[in-house]
Amino acid sequence: MTTAWISIKESRKAESIGQTVQVRGWVRTRRDSKGGFSFIEVNDGSCFGNLQVIADGSLANYASEITSLSVGSSVIITGEIKASAGQGQATEMFASEVRITGVASATDYPLQKKQHSFEKLREWAHLRPRTNTFGAVARVRNRLSFSTHEFFQNDGFFYVHTPIITDSDCEGAGQMFRVTTLPLDKLPMTDGKVDMSQDFFGKSSYLTVSGQLEGETYATALGKIYTFGPTFRAENSNTSRHLSEFWMIEPEMAFFELTDNMTLAERYLKHMIQEVLTHCPEDMDFFEKRIQPGVTAALQLVLDKPFTRMSYTEAVDILIKSGEKFEYPVAWGVDLQAEHERFITEKHIQGPVILYNYPKEIKSFYMRLNDDGKTVAAMDVLVPGVGEIIGGSQREERLDVLTERMVASGLKAEYYWWYLDLRRFGTVPHAGFGLGLERMVQYTTGMANIRDVIPFPRSPGNCDF
RNA sequence: UCCCUUGUAGCUCAGUCGGCAGAGCAACGGACUGUUAAUCCGUGUGUCGGUGGUUCGAGCCCACCCGGGGGAGCCA
């Protein structure tokens with residue numbers, strides 16, 4: 001009879017006591033203890049914690065292999081799970097066999113049995129998921145992704161796959177990555193200009209900066225849809241909150257107005273937080289203790305309180321009356337700076353805030369013009385520590401207004417003919433928003449730098465791995 | 001892209017006035033004989049980010065370039 005292979009997660013549960021099982025994973029530490037035997041801590045990624053394995057000196061390969069078993073080596077270990085005699089864990093395994101699958105040379109393996117800086121670990125992005133922090137981040141990120149699908153699917157939304165390669169520049173402003181198969185060393189030239197008709201698609205094409213416009217086409221057919229995929233921005237931004245490649249979730253709903261949009265955003269955020277707190281307690285415990293004390297309490301508070309909703313005009317008013325010294329002066333009509341948003345969400349409200357009804361001049365052409373003629377039905381969800389986590393709006397469904405706004409923004413209406421068709425044929429009020437997955441991971445884990453919440457970060461000047 | 005800051009051993013960092021490159025940890029060798037980040041003794045380790053310049057002599061001074069961090073803008 002073969003021994004059952006169970007995960008470290010299973011092996012750490014009290015129910016496993018008494019069973020003889022097999023675990024497979026990687027050595028985190030080895031402590032040779034004073035009794036002619038060793039403690040081996042094994043982790044297989046299934047959970048935050050390790051399984052402590054006791055390898056006795058009587059094992060055949062004890063002297064030859066186990067006493068020199070190095071951090072990072074892969075092992076298959078068989079033994080009996082017992083209640084732990086020591087502190088710090090419920091169970092431990094008494095090994096009857098320790099098989100070494102692959103050695104990680106102690107002199108060459110970069111990860112040491114100590115803390116490394118996140119900056120250094122970025123250089124070893126292929127190995128950093130083997131650390132406590134990055135394992136925990138990966139599991140939380142997974143849960144946020146899963147709960148996204150869970151939330152929308154349970155709410156009658158359809159998952160729509162919008163294209164990665166596109167010819168449309170969603171907001172008329174975003175800097176895009178060009179996609180081309182033209183030979184860069186000898187570009188086909190016509191009249192002194194590159195002849196894009198000879199490119200793969202017969203015209204210029206780019207990586208998407210947003211699936212929103214395409215998403216609207218399906219929302220105005222299927223009712224409620226969401227997209228969840230990678231997006232690309234060729235902006236030269238070097239901050240702890242920006243990536244060149246990041247994942248975005250964009251729901252789009254027919255017959256939704258701005259307040260429906262806000263309600264959905266709030267329910268969605270709360271669902272994700274609830275799921276992470278429920279399913280990742282060990283990982284969250286780690287973030288609480290080692291990354292950002294207070295995160296769990298802050299998240300719990302988000303669940304308990306309704307989000308504050310505040311118009312742009314009210315926000316400007318509060319900022320002006322605050323008496324706070326800002327580097328950038330506040331006045332109605334100017335875009336809110338990071339310091340302003342931080343004041344509102346971190347000091348004034350101390351929790352998530354939904355700001356809405358922004359001046360039309362500082363927002364995109366597709367956002368619905370309000371009756372005042374000055375503002376558009378836009379909304380941003382701001383969150384302490386991270387800032388803008390969601391940006392959304394009710395979309396302009398009136399053909400004439402939309403066309404006018406487009407022209408005013410310097411866009412060619414004929415280029416967006418298919419987008420305008422949605423207003424020509426059975427137009428409806430509709431709304432949607434975009435949530436940056438990485439910012440959500442930052443918010444839930446307390447991780448300071450966005451480069452540490454995505455497996456292989458892409459940023460200006462950095463595309464390793 | 002702008003401002004500030006930083007790059008020295010596998011890792012964290014020191015390096016004075018321009019004059020032979022140095023600590024801790026890790027690793028390695030040994031001792032200790034139920035440990036939970038790092039018990040004791042001993043032994044190594046270098047393209048000083050890159051290129052050019054000044055100088056008898058540059059880790060140190062100058063110029064340019066490339067990374068990292070913090071802040072700003074852009075946004076999610």
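Proteins come first, then strands; the chains are lettered A, B, ... in the order of their sequence lines, and each starts at number 1. As the structure is a prediction and not an experimental result, all values here were calculated from the model. What's counted below: heavy atoms across the whole structure, side chains too, no hydrogens, waters or symmetry copies.
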[X]-[Y] aromatic ring centre distance below 6.0 Å:
{"X": "A:F151", "Y": "A:F157", "result": "no"}
{"X": "A:Y356", "Y": "A:Y312", "result": "no"}
{"X": "A:F228", "Y": "A:F152", "result": "no"}
{"X": "A:H340", "Y": "A:Y328", "result": "no"}

Q) With distance as the sole criterion, is a donor-acceptor pair present between the side chains of A:Y226 and A:Q153 under 3.5 Å? A) yes
Q. Do any side-chain nitrogens or oxygens of A:N462 fall under 4.0 Å of OP1 or OP2 in B:G68?
A.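 For B:G68, OP1/OP2 do have a side-chain N/O of A:N462 under 4.0 Å.
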Q: Give a yes/no on whether any side-chain N or O of A:R342 is located under 4.0 angstrom from OP1 or OP2 of B:A72.
A: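 Answer is yes, contact under 4.0 Å.
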Q. In residues 58-68 of chain A, what residues come within less than 4.0 Å of RNA chain B, judged by heavy atoms?
A.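 Under 4.0 Å from RNA chain B: no residue of residues 58-68 of chain A.
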Q.
Distance criterion of 3.5 Å, no angle test: do you see the side chain of A:Q52 paired donor-to-acceptor with the base of B:U35?
A.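 For A:Q52, whose side chain was compared with the base of B:U35, there is a donor-acceptor pair (under 3.5 Å).
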**Q.** No-H, no-angle donor-acceptor pair, A:N238 side chain to B:U1 base, under 3.5 Å
**A.**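 Checked by distance alone, the answer is yes.
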Q: With syn defined as a glycosidic angle within 90° of 0 and anti as everything else, classify B:G59.
A: anti
In whole angstroms, how far is the [atom2] atom of [N] from the [atom1] atom of [X]?
{"X": "A:D32", "N": "B:C28", "atom1": "CG", "atom2": "P", "result": "11 Å"}
{"X": "A:K120", "N": "B:G67", "atom1": "NZ", "atom2": "P", "result": "16 Å"}
{"X": "A:E250", "N": "B:C75", "atom1": "CD", "atom2": "P", "result": "15 Å"}
{"X": "A:Q89", "N": "B:U35", "atom1": "CD", "atom2": "C1'", "result": "9 Å"}

**Q.** Dot-bracket encoding of pairs in RNA chain B, which uses [ ] for pseudoknotted crossings and | for another strand, Watson-Crick or G-U under 3.5 angstrom
**A.** (((((((..((((.....[..)))).(((((.......))))).....(((((..]....))))))))))))....
Q. If the P atom of B:G22 is compared with that of B:G46, how far apart are they to the nearest Å?
A.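 Rounded to whole Å, the distance is 13 Å.
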